[in-house]
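Chain naming here is simple, since letters A, B, ... match the order of the sequence lines and numbering starts at 1 in each. A quick note: this is a predicted structure, and the numbers were derived from the prediction, not measured.
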Protein chains: 2
Amino acid sequence: MKGKGILVVDIGGNNIKLKHADGEERRKVKSGPELTPDAMVVAVRTLVTDWAYDRVTLGCPGAVRGGRLVREPVNLGTGWVGFDFQAAFDRPVELVNDAVMQAIGSYDGGKMLFLGLGTGLGAALVAEHVAVPLEVAHLPYKRKHSFEDCVGQRGLERMGEKRWEKAVHDVVARLQAALVADYVVLGGGNTKLLKKLPKDSRPGHNRNAFEGGARIWEEQFRVL
Amino acid sequence: MKGKGILVVDIGGNNIKLKHADGEERRKVKSGPELTPDAMVVAVRTLVTDWAYDRVTLGCPGAVRGGRLVREPVNLGTGWVGFDFQAAFDRPVELVNDAVMQAIGSYDGGKMLFLGLGTGLGAALVAEHVAVPLEVAHLPYKRKHSFEDCVGQRGLERMGEKRWEKAVHDVVARLQAALVADYVVLGGGNTKLLKKLPKDSRPGHNRNAFEGGARIWEEQFRVL
């Protein structure tokens with residue numbers, strides 16, 4: 001249904017989550033390694049035929065540059081690069097990296113590093129309402145392991161909670177220093193497993209993804 | 001001498017280099033591990049008594065946040081953190097990280113990663129005229145070595161030119177991916193040793209530091 005308002009779509013590896021920027025209700029539909037952009041658009045549009053919206057924000061896993069996916073998202077199907085989301089939704093679309101969307105929703109001043117501790121390691125920097133997408137997950141960390149290999153889900157399973165938590169504290173401190181950030185917001189489903197929060201960090205909230213999806217249309221926010 | 005114009009000061013570990021934004025002449029004076037900010041200001045002001053300027057840009061090695069050094073620069077003396085440069089120069093001062101200054105001077109559109117291959121590894125990202133200082137030099141790279149240990153001067157001496165060049169190519173590709181950059185500009189004295197430039201990269205020029213020191217006063221440029 002056309003009409004005023006923003007539809008926010010958070011595309012994850014397991015679920016696609018939906019919320020209208022002006023409503024409270026959330027809806028979701030299955031995602032997965034076979035999900036094509038066509039199937040996503042059909043599933044989303046079918047699920048919200050009773051919602052009025054004139055714009056869409058898409059939070060996508062993977063590297064985004066200039067509003068376009070740079071390569072196919074690792075945990076989804078194919079056809080995402082070059083897909084015309086505006087035509088498919090018949091509305092203006094803001095496509096952003098999912099960590100960027102959550103980072104913008106979590107921002108409350110200063111220079112903030114967002115890190116998402118989930119299956120992988122999402123990351124983004126926000127300062128003065130300017131967001132910088134980061135793909136630091138695959139940088140080397142220890143021996144043959146990347147940051148994501150250690151603080152992502154695989155690292156948690158391999159090392160156990162105690163050693164994983166130690167790695168998280170170390171990685172957060174290193175990335176905060178590397179990005180010269182004032183503080184760190186920790187999102188993602190595994191943040192709640194931490195017994196102690198790293199220095200200069202606070203937990204994020206899942207609702208911040210939807211908040212970010214709405215804020216991104218505000219003039220003060222920019223994504224580099 | 002007061003009057004219109006920008007004095008650009010590039011503070012390195014060995015030399016302090018000076019240029020007026022509107023002139024061609026360069027001057028320099030010795031720097032070193034004992035250099036205090038007082039001594040720097042006296043040396044600089046003495047050297048340019050015949051130049052008219054009403055603003056000063058200081059490019060400093062080390063982490064800068066909100067126009068202030070976060071900690072003492074590694075290769076200089078002490079007293080830099082909290083020093084009142086505006087009072088000492090009796091003029092408005094823009095204090096920026098030296099890699100940021102060179103990055104801004106090298107920028108010509110898109111999303112650019114600047115890497116300075118010198119004693120250490122300076123780094124900054126520029127996109128849409130917004131500069132992001134990066135302190136990625138000390139992130140881990142291989143075994144017990146950081147990026148800087150391998151592609152900085154110590155790495156060059158330890159590994160020899162051939163293996164060093166291989167490391168440079170690998171590190172440039174990794175950091176370009178991590179910062180989602182379109183292209184890389186390679187500054188620093190050791191870039192000229194490369195037999196082949198890494199993919200998506202071009203060499204910078206030393207004059208870009210001075211160019212950046214002037215540009216930073218233009219309204220379109222911001223440092224996060």
Side-chain angles (χ1 to χ4, degrees), chain A residues 62-71 96-97 99-100 107 109-113 121-150 167 170-183 200 221-224, chain B residues 62-71 96-97 99-100 107 109-113 121-150 167 170-183 200 221-224:
Chain A
V64 176
R65 202 153 64 201
R68 302 189 147 269
L69 281 157
V70 171
R71 52 193 98 84
V96 285
N97 171 269
V100 168
Y107 185 63
K111 196 161 175 183
M112 182 199 84
L113 174 63
L121 174 68
L125 187 75
V126 186
E128 298 179 30
H129 300 91
V130 177
V132 183
L134 299 169
E135 294 286 329
V136 292
H138 307 293
L139 285 177
Y141 177 43
K142 273 194 174 160
R143 276 172 252 140
K144 297 284 171 193
H145 297 304
S146 67
F147 285 123
E148 180 173 294
D149 291 335
C150 290
D170 184 58
V171 167
V172 167
R174 285 175 185 272
L175 292 176
Q176 184 189 0
L179 279 311
V180 201
D182 298 320
Y183 65 104
D200 300 332
F221 282 100
R222 280 164 72 187
V223 181
L224 294 187
Chain B
V64 175
R65 201 151 66 200
R68 302 188 147 271
L69 281 156
V70 171
R71 53 193 98 85
V96 286
N97 170 269
V100 167
Y107 185 64
K111 196 162 176 183
M112 181 199 85
L113 174 63
L121 173 67
L125 186 76
V126 186
E128 298 180 31
H129 300 91
V130 177
V132 182
L134 299 170
E135 293 286 329
V136 293
H138 306 293
L139 285 177
Y141 177 44
K142 272 194 173 161
R143 277 173 252 139
K144 297 285 172 191
H145 297 303
S146 66
F147 285 123
E148 180 173 294
D149 291 335
C150 290
D170 183 56
V171 167
V172 167
R174 285 175 185 272
L175 291 176
Q176 184 189 0
L179 279 311
V180 200
D182 298 320
Y183 66 105
D200 300 332
F221 281 101
R222 281 163 73 189
V223 181
L224 295 187

Of all the heavy-atom pairs spanning [X] and [Y], show the shortest one and how long it is.
| X | Y | result |
| --- | --- | --- |
| Lys111(B) | Leu224(A) | NZ-O, 3.2 Å |
| Pro140(A) | Tyr141(B) | CB-O, 3.5 Å |
| Ala177(A) | Glu135(B) | O-CB, 3.5 Å |

Could you tell me which portion of Arg174(B) (side chain, backbone, both or neither) has an atom closer than 4.5 angstrom to a non-hydrogen atom of chain A?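 Answer is both: backbone and side chain atoms of Arg174(B) are under 4.5 Å from chain A.
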What part of Ala181(B) lies closer than 4.5 angstrom to a heavy atom of chain A: side chain, backbone, both or neither?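 The backbone, not the side chain.
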Could you give the distance from CG (Leu125(A)) to CG (Leu179(B)), rounded to the nearest 0.5 Å?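 Rounded to the nearest 0.5 Å, the CG-CG separation comes out at 9.5 Å.
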Chain B heavy atoms under 4.5 Å from Ala123(A): which part of the residue, side chain, backbone, both or neither?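 When you check distances to chain B, no heavy atom of Ala123(A) falls under 4.5 Å.
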Check each atom of Val171(A) against the heavy atoms of chain B and say whether the ones under 4.5 Å are side chain, backbone, both or neither.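 The answer is neither part of Val171(A).
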Between Val136(B), Val180(B), Val64(B), Leu175(B), which shows the greatest number of heavy-atom pairs under 4.5 Å with chain A?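 Most pairs with chain A among the choices: Val180(B).
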Could you check Arg222(B) against Val130(A) for side chain to side chain contact (heavy atoms under 4.5 Å, CB included), going step by step and ending with a plain yes or no? CA-CA 11 Å; Arg222(B) 281 163 73 189; Val130(A) 177; 3.9 Å; yes
